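First comes the structure, then the notes that go with it.
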Amino acid sequence: MADRTQVAIIGAGPAGLLLGQLLHRAGVETVIVERRSRAYCEARIRAGVLEQATRELLIEAGVGERMRREGLVHGGIRLHFDAESHRIPIDQLTGGRTVTIYGQTEVVKDLIAARLESGAPVVFDASDVRVEGIGGDAPVVRYRTGDSAAELHAEFVAGCDGFHGVCRTLAGADAQDSWQREYPFAWLGILADVPPSTDELIYARHARGFALHSMRSETVSRLYLQVAPDEDPDAWADDRIWDELAVRLHADGFTLQPGPIREKSVTPMRSFVAAPMRHGRLLLAGDAAHIVPPTGAKGLNLAVADVAVLADALDAHYATGSDTGLDEYSDRCLRRVWRAQHFSWWMTSMLHVDPRDDAYGAELARSQLRYVCTSPAAATTLAENYVGLPHEFAVRR
Ligand SMILES: Cc1cc2nc3c(=O)[nH]c(=O)nc-3n(C[C@H](O)[C@H](O)[C@H](O)COP(=O)(O)OP(=O)(O)OC[C@H]3O[C@@H](n4cnc5c(N)ncnc54)[C@H](O)[C@@H]3O)c2cc1C
């Protein structure tokens with residue numbers, strides 16, 4: 001394994017792997033260091049809605065072939081409340097833009113396959129990963145694999161190690177501002193081997209709480225229920241889950257088809273931003289710098305957008321010696337991050353039942369939902385945020 005590289009990338013999630021792919025294609029050397037095994041990374045069930053800009057970037061990066069074949073292109077979403085079903089025609093409201101339903105697990109598998117095929121180095125199962133010297137010109141990454149200790153000298157370190165990683169802590173609390181909000185609920189998510197009961201995602205608000213009917217393919221459904229943050233997934237037998245989903249997703253003309261549940265987990269809901277995203281030679285990207293509640297389907301897309309800006313900036317540094325992109329990296333990303341923060345908070349507030357709220361708050365949320373379903377202006381606000389930001393925010397390589 002190399003002991004020297006231009007960019008050391010910490011973390012083989014979507015952010016780290018895509019950054020590695022874009023830089024490899026630009027001729028910049030990278031080493032990816034990941035603490036988990038390849039199998040673990042490829043099995044992690046998470047996001048599944050790709051914005052149009054994410055789809056385009058994956059294709060441009062040479063990893064979009066299977067997504068083009070197997071991904072489901074959606075031009076709208078459905079909102080269910082008060083036993084009614086309303087369609088938001090996202091494509092019509094955004095000049096033909098769409099989202100693609102393709103699991104994060106599949107994106108990660110495609111990126112790992114491309115990495116291995118390229119021969120560029122990636123270290124799985126690295127333990128005790130430490131990064132030193134980000135304030136100077138010669139950062140070092142130290143880690144262990146099995147019984148051996150390794151040392152990687154780099155010119156830059158990309159901190160793509162997610163919300164619980166080590167990189168964000170390196171700058172020290174004094175050098176960072178952070179903002180966060182905890183929500184008094186979580187999502188119980190299931191993966192079920194049953195064809196979706198809908199051809200577009202359904203977001204439902206019910207007096208008993210939020211529900212979402214999503215999918216991963218023509219034969220695999222992904223569904224969620226709002227639950228308490230400390231909910232034990234084992235307290236939910238399969239029949240109880242399907243019964244509750246049927247109640248909350250109910251609308252005239254809709255029938256939910258139950259099936260065998262393959263995976264069950266509880267995901268907490270949190271909003272968080274740390275700024276700046278650059279500290280000397282350390283550049284944070286994706287969940288390492290910010291997270292959103294999943295209601296707006298923005299987490300994975302934000303990670304991809306950060307990396308698109310970062311790859312351009314590092315490419316320019318090595319190709320032309322210009323550091324303008326690196327200097328502007330944090331501000332450019334944060335503008336998009338805050339728009340996604342607001343959208344994710346707004347969708348979450350409108351669609352969930354806050355146990356701390358009163359009946360007045362619940363009526364405000366229902367009124368907002370009705371407005372989105374009856375006003376083209378309000379529907380367009382939802383549509384253009386859901387499909388990806390307007391052009392001046394859009395990141396294109
Ligand atoms: C449980 C869960 C469920 C989610 N569900 C949804 C969803 O339904 N919809 C949605 O839109 N978004 C969802 N998200 C958000 C979305 O999956 C993330 O925004 C996305 O994974 C961000 O990618 P990333 O590469 O920045 O971080 P990650 O995917 O977290 O990748 C970080 C990588 O760094 C590695 N790492 C961590 N620490 C170290 C270390 N010290 N050294 C080396 N490697 C390290 C990790 O093992 C991991 O592989 C979910 C997130 C979680 C955690």
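Only heavy atoms go into these numbers, but all of them, side chains included; no hydrogens, no water, no symmetry mates. Atoms within each ligand, like the ligands themselves, are counted from 1 in listed order. Please read these numbers as outputs of a predicted model, since none were measured by experiment.
Counting only heavy atoms of the protein, atom 23 (O) of ligand 1 lies nearest to Pro14 CD, 3.5 Å. For atom 52 (C) of ligand 1, the nearest non-hydrogen atom of the protein is Arg46 NE, 3.4 Å. Of the protein's non-hydrogen atoms, the one nearest atom 40 (C) of ligand 1 is Arg35 CD, 4.0 Å. At the shortest separation from atom 47 (O) of ligand 1 among protein heavy atoms lies Glu34 OE2, 2.7 Å. In terms of protein heavy atoms, atom 10 (C) of ligand 1 is closest to Ala47 CB, 3.2 Å. Looking only at protein heavy atoms, the nearest one to atom 18 (C) of ligand 1 is Asp287 OD2, 3.3 Å. Scanning the protein heavy atoms around atom 31 (O) of ligand 1, the nearest turns out to be Gly13 CA, 3.4 Å. Scanning the protein heavy atoms around atom 25 (O) of ligand 1, the nearest turns out to be Ala15 N, 2.9 Å.
Of all atoms in ligand 1, numbered sequentially from 1 with element shown, those under 4.0 Å from a heavy atom of Arg36 are 47 (O). The ligand atoms of ligand 1 that sit less than 4.0 angstrom from a heavy atom of Tyr224 are 8 (O). Counting the atoms of ligand 1 from 1 in the order shown, those under 4.0 Å from a heavy atom of Gly286 are 26 (O). Taking every heavy atom of Cys160 and a limit of under 4.0 angstrom, the matching atoms of ligand 1 come to 32 (C), 33 (C), 34 (O). Which parts of ligand 1 touch Ala297 is read off a 4.0 Å heavy-atom cut-off, strictly below it: atoms 11 (O). Taking every non-hydrogen atom of Gln104 and a distance limit under 4.0 Å, the qualifying atoms of ligand 1 come out as 16 (C), 17 (O), 20 (C), 21 (O), 29 (O). The ligand atoms of ligand 1 that sit less than 4.0 angstrom from a heavy atom of Gly165 are 38 (N). Interface of Val33 with ligand 1, defined as ligand atoms under 4.0 Å from a residue heavy atom, comprises 43 (C), 44 (N).
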**Asked** Would Tyr224 and His213 count as a ring-ring contact (aromatic ring centres under 6.0 Å, His included) if you check the C-alpha gap in whole Å, the side-chain angles of each, and the deciding distance to 0.1 Å?
**Response** CA-CA 7 Å; Tyr224 301 90; His213 189 331; over 10 Å; no
**Request:** Evaluate ring-ring contact (aromatic ring centres under 6.0 Å, His included) for Phe81 paired with His86, printing each intermediate quantity in order.
**Result:** CA-CA 9 Å; Phe81 60 99; His86 301 264; 5.1 Å; yes
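Looking at ligand 1, you won't find any N or O of Thr267 less than 3.5 Å from one of its N or O atoms.
Taking every heavy atom of both residues into account, Arg240 and Ala235 meet most closely at NH1-O, 2.9 Å.
At a heavy-atom cutoff of 4.0 Å, ligand 1 is contacted by both the backbone and the side chain of Asp161. By the criterion of a heavy-atom distance under 4.0 Å, neither the backbone nor the side chain of Val49 is placed next to ligand 1. Counting heavy atoms under 4.0 Å from ligand 1, residue Val129 touches it through the side chain alone. Looking at Tyr143 against ligand 1, nothing comes within 4.0 Å, counting heavy atoms.
Using a non-hydrogen distance threshold of 4.0 Å, Tyr40 does not register as a contact of ligand 1. Look at Ala126 and you'll find every heavy atom at least 4.0 Å from all atoms of ligand 1. In this structure, Arg44 has a heavy atom closer than 4.0 Å to ligand 1.
Classification of Glu182 and Arg270 as a salt-bridged pair holds, one side-chain N sitting under 4.0 Å from a carboxylate O. Salt-bridge annotation for Glu42 and Arg38: present, with a side-chain N of the basic residue lying under 4.0 Å from a carboxylate O of the acidic one. The residues Glu328 and Arg332 are annotated as not salt-bridged, no charged nitrogen and carboxylate oxygen being separated by less than 4.0 angstrom. The existence of a salt bridge linking Asp82 and Arg366 is confirmed by a sub-4.0 Å separation between a basic side-chain nitrogen and an acidic carboxylate oxygen. By the 4.0 Å N-to-carboxylate-O rule, Glu29 lies too far from Arg4 to be salt-bridged with it. Ion pair Glu106/Lys109 flagged as a salt bridge, since at least one NZ, NE, NH1 or NH2 atom sits closer than 4.0 Å to an Asp/Glu carboxylate oxygen.
Centroid-to-centroid, the aromatic rings of Phe254 and His80 come within less than 6.0 Å. Residues Phe156 and His317 bring their aromatic ring centres within 6.0 Å.
Counting heavy atoms from C-beta on, the side chains of Cys373 and Leu79 come closer than 4.5 Å. The closest side-chain heavy-atom distance from Gln341 to Trp179 is not below 4.5 Å. Using a 4.5 Å heavy-atom threshold, the side chains of Val157 and Arg281 count as separate.
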